[in-house]
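Working notes for the structure below.
In what follows, residues are counted from 1 in the order of the sequence shown.
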Amino acid sequence: MQLLTSAQLGYDATPVLRDVTLSVAPGDKVVLLGRSGAGKSTLLAALHQALLAQGRRVALMPQDHALVPQLSALRNVLMGRLDDHGAFYNLTTLIRPRRRDRQHALAILAQVGLTAEADRPVESLSGGQKQRVALARALFRGGDVLLGDEPLSAVDPAQAEHLARLLRQAFPTAILAMHDLDTARSFGTRLIGLRQGQIRIDGPIDAVWDRVEALYAR
């Protein structure tokens, strides 16, 4: 999938990334690495737009989770498929979820260790629990490609390994901005490294891993 060609990416006419050309092959598990402010979120936003323009089904995990605080964990998971249905179906789903939808969402919440929190409002959950709700919503949605901005940053290493495995199994292609290098290496098949407004590394993760340290040099 050719997604970007010589693109200048940024906000309010201020470039963050310059001359970005990027394609993704089905089956790629891409990890984006770089210092804070390197442009990982900017790149993910551009890739999201490009994938939608190509008609791809995308599951998105933004850094702020984009959950509705007053709704339960279960209903936030169900929101992963709101754009699959009309307004009446969605309204009745949020008021009284259909048994099939509820059972499916509960099964996914069980996978991420949140069965007991299913009917609790998201605003009462911890940061790590909120992140797992967002992950469960992505799993419920499904799709061709998963895009995630630090999707495992608020969970402990043991949970991160388990959740990363769920994501690998659920999505044929994934592009994740990550900060934990151990999780990134175990998850990814391909590494894209950003530094000073450009893609400085792009290749199979094992082949280019010895160059990662340079992305974070002062």
Side-chain angles (χ1 to χ4, degrees), residues 1-5 7-11 16-17 20-68 76-84 108 111-112 127-128 130-155 160 162-181 183-194 199 201-203 205 215:
M1 296 178 282
Q2 185 68 38
L3 299 177
L4 299 170
T5 303
Q8 316 303 313
L9 308 179
Y11 302 96
V16 176
L17 294 169
V20 178
T21 296
L22 183 62
S23 62
V24 177
D28 275 352
K29 302 296 190 296
V30 181
V31 293
L32 306 179
L33 296 180
R35 294 175 61 181
S36 178
K40 299 186 294 293
S41 297
T42 300
L43 180 55
L44 282 172
L47 293 173
H48 187 215
Q49 292 179 349
L51 286 162
L52 294 180
Q54 291 186 9
R56 307 286 180 177
R57 184 176 178 88
V58 181
L60 179 66
M61 292 185 63
Q63 196 169 49
D64 65 358
H65 311 322
L67 302 172
V68 180
N76 271 279
V77 172
L78 292 171
M79 290 178 71
R81 295 188 178 178
L82 286 183
D83 59 351
D84 290 347
I108 293 174
Q111 287 184 299
V112 302
K130 290 174 183 175
Q131 191 163 67
R132 283 184 280 155
V133 172
L135 191 149
R137 181 186 58 198
L139 292 172
F140 182 76
R141 176 171 178 75
D144 305 312
V145 182
L146 170 69
L147 295 179
D149 196 347
E150 306 286 1
L152 304 173
S153 61
V155 299
H162 166 67
L163 297 173
R165 187 162 52 249
L166 289 178
L167 294 175
R168 282 182 63 92
Q169 293 169 350
F171 293 94
T173 305
I175 307 169
L176 305 183
M178 305 185 81
H179 78 285
D180 184 86
L181 297 184
T183 305
R185 187 165 192 181
S186 65
F187 179 87
T189 62
R190 176 182 170 190
L191 166 65
I192 292 177
L194 305 179
I199 293 177
I201 302 173
D202 186 358
I205 198 163
L215 296 174

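- Among all heavy-atom pairs drawn from Arg141 and Ala59, the shortest one is CD-CA, 4.0 Å.
- A side-chain contact (heavy atoms from CB on, under 4.5 Å) with Val155 is found for exactly one of Val112, Asp180, Thr183, Leu163, namely Leu163.
- The CD atom of Gln111 sits 11.5 Å away from the CZ atom of Arg165 when rounded to the nearest 0.5 Å.
- Between Arg56 and the choices Leu3, Leu51, Thr173, the side-chain contact (heavy atoms from CB on, under 4.5 Å) rule is met once, by Leu51.
- Expressed to the nearest 0.5 Å, how far CD1 of Ile201 lies from CG of Leu32 amounts to 12.0 Å.
- With rounding to the nearest 0.5 Å, the separation of CG in Leu176 from CG in Leu44 is 8.0 Å.
- Looking only at distances, a side-chain donor or acceptor of Arg137 sits under 3.5 Å from a matching main-chain atom of Ala66.
- In this structure, the side chains of Leu139 and Phe171 come closer than 4.5 Å at one or more pairs of heavy atoms.
- Using a distance-only test at 3.5 Å, with no hydrogens or angles considered, a donor-acceptor pair links the side chain of Asn76 to the main chain of Val68.
- In this structure, Val24 and Ile175 have side chains that are in contact, with non-hydrogen atoms separated by less than 4.5 Å.
- You'll find the side chain of Phe187 stays beyond 4.5 Å of the side chain of Ile205, heavy atoms only.
- Gln131 places a side-chain N or O within donor-acceptor distance of the main-chain N or O of Glu150, the cut-off being under 3.5 Å.
- Applying the salt bridge (charged side-chain N to carboxylate O under 4.0 Å, His left out) rule to Asp28 yields the partners Arg190; only residues at least two apart in sequence or on another chain are considered.
- The CG atom of Leu17 sits 10.0 Å away from the NZ atom of Lys40 when rounded to the nearest 0.5 Å.
- Considering only heavy atoms from C-beta on, Leu22 comes within 4.5 Å of Ile192 through its side chain.
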